Amino acid sequence: MTLSMIWTDTANEWFSAPVQTAAITCTGFTDGWVEIETSSSDDGGLVLRFLDNEHYYLLAIRDDAAPDPRDRQNLQIYERSGPGAGGFTSIWQKDIVWPRGTMHRVRFDFQDGLFTVSLDGTPVGAVSRVPPFDGRGFGIRHYGLTTDWHARFRNFRWSPL
C-alpha cells in the first residue's frame with residue numbers, strides 16, 4: 001500500500017487532510033471491487049485500474065453539503081487519461097439525496113468491461129467501457145481546493161473478481 005499526502009487512520013477510519021489531492025493506492029487486480037463507508041465527503045473517491053497518475057478510473061463520491069456543483073454530482077465515474085483537469089472525462093453520474101451525516105456504503109466494481117456503482121448493497125448505475133490501459137492498482141482518494149474540503153471514510157475493503 002502506498003500512502004501519498006496525509007491521511008489519518010484511527011480505528012479503521014480514514015480522514016483526509018485538507019490538501020490538493022491525497023490518495024492511498026494498492027496493487028493486485030484488474031477486475032474487482034473497492035468499497036468504503038462514508039457520511040461526509042466533499043470530493044472523495046474510489047479508484048480502480050490505476051496504472052499511473054494519469055491513467056485510472058475514479059468514482060467521485062460527494063454528499064449534498066459538498067461545494068457547488070459537486071453537491072449535485074454525488075456519484076460520478078471519470079476516466080483519467082492525461083495530465084491536468086483536461087485528462088478527466090466523465091463517463092457516468094448520478095445525483096442522489098445524501099444529507100451530510102448520513103452513512104452510506106459505496107462500492108465501485110469492474111468486471112468484464114462493466115463498471116458498476118452500488119449504494120448500500122443496491123446497484124444504482126453502470127457503464128460499459130473497454131479500458132485503453134491495463135492498470136492493476138486500486139484505492140481511495142480525496143481532492144480539495146481549500147482547508148474546508150475533506151473526506152471521511154471507514155471500512156475500506158476490496159476483492160478481486
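Here the structure is a predicted model, which is why all the values come from computation and not from measurement. Starting from 1, each residue takes its place in the sequence as its number.
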Next item on the list: Please step through side chain to side chain donor-acceptor pair (under 3.5 Å) for the pair Arg62 and Gln76, ending with a clear verdict.
Entry: CA-CA 9 Å; Arg62 305 138 171 165; Gln76 188 167 15; 2.8 Å; yes
Please tell me if the side chains of [X] and [Y] come closer than 4.5 Å, counting only heavy atoms from C-beta onward.
X	Y	answer
Asn155	Ile36	no
Arg105	Arg157	yes
Asp134	Leu51	no
Asp42	Pro67	yes
Val34	Leu48	yes
Trp33	Gln111	no
Arg141	Leu58	yes
Phe115	Leu59	no

N-O pairing of [X] and [Y] below 4.0 Å:
X	Y	value
Glu37	Arg152	no
Arg70	Asp64	no
Glu79	Arg129	yes
Arg100	Asp63	yes

For [X] and [Y], which heavy atoms make the closest approach, and how far apart are they?
X	Y	value
Gln73	Asp95	N-OD1, 4.3 Å
Asp71	Ala66	CB-O, 3.3 Å
Phe153	Gly44	CZ-CA, 3.7 Å
Leu46	Val106	CD1-O, 3.6 Å

Check: Does the Ser41 side chain pair with the main chain of Ile61, one donor and one acceptor, at a distance under 3.5 Å?
Finding: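 Indeed, once roles are kept as given, a pair shorter than 3.5 Å links the two residues.
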Note to self: Out of the candidates Phe108, Phe138, Phe110, Phe133, only one should pair with Tyr57 under the ring-ring contact (aromatic ring centres under 6.0 Å, His included) rule; please name it.
What the structure shows: Phe133
Check: Which one of Asp120, Thr38, Asn74 satisfies the side chain to side chain donor-acceptor pair (under 3.5 Å) criterion with His104?
Finding: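 Running side chain to side chain donor-acceptor pair (under 3.5 Å) over Asp120, Thr38, Asn74 with His104 returns exactly one hit, Asp120.
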